[in-house]
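What follows is a set of notes on a single structure, which appears directly below.
Every number for a ligand or one of its atoms is a count from 1 in the order of the listing. Each residue takes its place number in the sequence, starting with 1.
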Amino acid sequence: MSEKSDLRAKKPDDIAAWVRSAGEPSYRAGQIFGWIHKKRCRSIEDMTDLPKDLRRRLAEEFAIYEAVPVKVLESKIDGTRKYLNRLSDGNVIETVLLKYEYGWSICISSQVGCRMGCRFCASGMDGLVRNLTAGEMAGQVYAAESDINERIGHIVVMGSGEPLDNYESFTDFLDIMTDGKGAGISARNITASTCGLVPGIRALADRKYSITLALSLHAVTDEKRRQIMPIANRYALDEVISACRYYRDVTGRRLTLEYSLIEGFNDGDDDMEGLAEISRELKAHVNLIPVNPVDGAGYRAASRRYAETLKNKLEKNNINVTIRREMGRDISGACGQLRRGFINDAALGEQNV
Ligand code: SAH
């Protein structure tokens with residue numbers, strides 16, 4: 001990224017401070033923030049009710065960095081759109097747009113790559129490249145909106161990356177998106193998923209955002225969880241569960257437990273009993289996900305039919321369960337694989353030169 005600061009990543013207070021230091025009247029800050037996030041303006045030059053000189057000074061210090069779709073895959077089955085977006089420094093990230101009865105929901109990335117290293121996940125296989133700015137997170141939403149020519153009402157932060165490992169930018173993003181003078185998206189329509197960074201969960205609770213928190217549980221004992229999620233070596237399940245309980249108590253929001261079913265590993269009776277117990281304790285909704293096979297990871301998904309059987313079992317225990325709907329089956333592949341394919345192709349291309 002060039003040295004100009006990312007205007008789309010700035011919170012109202014940041015913009016107000018700049019406006020003050022520029023000797024401009026304070027209402028200009030609201031205008032600038034509104035142009036970017038309410039009107040989705042993509043160029044400082046287009047902010048036509050600002051004096052020309054102010055626009056020039058803004059443009060000297062700031063830029064609006066775009067996420068530019070370099071590849072768009074559209075599902076013929078359900079309208080899901082998968083974007084490979086190029087950032088201003090040439091890095092690429094995945095964003096997925098899903099169509100539901102209630103409207104569009106967008107699944108955005110929070111980092112380029114990821115350093116959590118979950119064994120079944122393609123996003124972290126090459127480690128973390130860098131954090132995204134709040135502006136680059138918002139940019140994924142705005143780029144998709146301009147592609148479909150509609151506003152998007154629901155956001156899930158469940159693409160590549162661990163949002164709580166990029167805490168500052170992630171919470172700036174939440175502040176910006178939920179601001180009524182900006183994007184104005186209800187916090188209740190935002191879900192973020194974490195592999196269980198305990199201090200981040202607690203800090204988020206203390207900020208009292210009303211977003212839905214999803215915990216990637218995937219195994220119900222520390223021993224098993226450590227086999228597939230390195231983060232489990234840092235935070236024991238007890239601590240994670242207690243942080244989640246704290247989140248629920250402070251925010252009053254229901255939690256979701258994500259549970260990817262890996263055949264013969266975490267889909268037995270004991271696993272389901274443990275899952276029911278944790279879900280009861282947290283009064284959490286359970287989302288079963290037949291694991292998406294990743295090349296070389298050596299895991300197989302439990303069949304959809306078996307997932308149904310497990311769902312019925314859990315429901316008999318009064319647990320609220322869904323099986324993640326398979327969206328865009330014809331364009332899918334596991335999360336992160338579109339990017340990996342793109343990077344590998346580019347590397348091959350370079351070798352051929
Ligand atoms: N870092 C966050 C958010 C990104 S991953 C987290 O861990 O929650 C979003 C969800 O997809 C997580 O629940 C993750 O465990 C799951 N996931 C990743 N790879 C998967 C795969 N191959 N099959 C099924 N679920 C997967």
- prompt: Is the closest N or O pair between Arg324 and ligand 1 shorter than 3.5 Å?
  reply: no

- request: Could you name the option among Cys118, Cys107, Ser216 that has the heavy atom nearest to atom 7 (O) of ligand 1?
  value: Ser216

message: Run the side chain to side chain contact (heavy atoms under 4.5 Å, CB included) test on Arg245 and Glu281 for me, step by step, so that the C-alpha distance in whole Å, both residues' side-chain angles and the decisive distance to 0.1 Å come before the verdict.
response: CA-CA 8 Å; Arg245 197 185 308 116; Glu281 184 177 346; 2.4 Å; yes

field: Criterion side chain to side chain contact (heavy atoms under 4.5 Å, CB included) on Val291 and Leu261, from CA distance to verdict
entry: CA-CA 5 Å; Val291 78; Leu261 294 165; 5.9 Å; no

statement: Closest heavy-atom approach to atom 1 (N) of ligand 1 among Met158, Arg119, Met116, Glu162 is made by Glu162

Atom indices of ligand 1 within 4.0 angstrom of Gly159 heavy atoms, with elements: 4 (C)

- prompt: Is the Phe265 ring parallel, tilted or perpendicular to the Tyr299 ring (thresholds 30°, 60°)?
  reply: tilted

query: Hey, which atoms in ligand 1 end up nearer than 4.0 Å to a heavy atom of Cys195?
result: 6 (C), 7 (O), 8 (O)

message: Using heavy-atom distances only, which candidate in Ala122, Ser123, Ser160, Ser193 approaches atom 3 (C) of ligand 1 most closely?
response: Ser193

- prompt: If hydrogens are left out, which of Gln111, His218, Glu258 has an atom nearest to atom 15 (O) of ligand 1, that is, the closest non-hydrogen atom?
  reply: His218

task: Determine whether the side chain, the backbone, both or neither of Leu215 has a heavy atom under 4.0 Å from any heavy atom of ligand 1.
output: neither

field: Proximity to ligand 1 by part of Cys121, non-hydrogen separation under 4.0 Å
entry: both

task: Check whether more than 12 heavy atoms from other residues, nucleotides or ligands sit under 6.0 Å from atom NZ of Lys99, and answer yes or no.
output: no

message: If I take atom OG1 from residue Thr194 and atom CG from residue Leu215, how far apart are they, to the nearest 0.5 angstrom?
response: 7.0 Å

Gly161 N/O to ligand 1 N/O under 3.5 Å: yes

- request: Please work out which of the three classes, parallel, tilted or perpendicular, describes the rings of Tyr102 and His154, given edges at 30° and 60°.
  value: tilted

field: Donor-acceptor pair between Ser242 and Arg202 side chains, under 3.5 angstrom
entry: yes

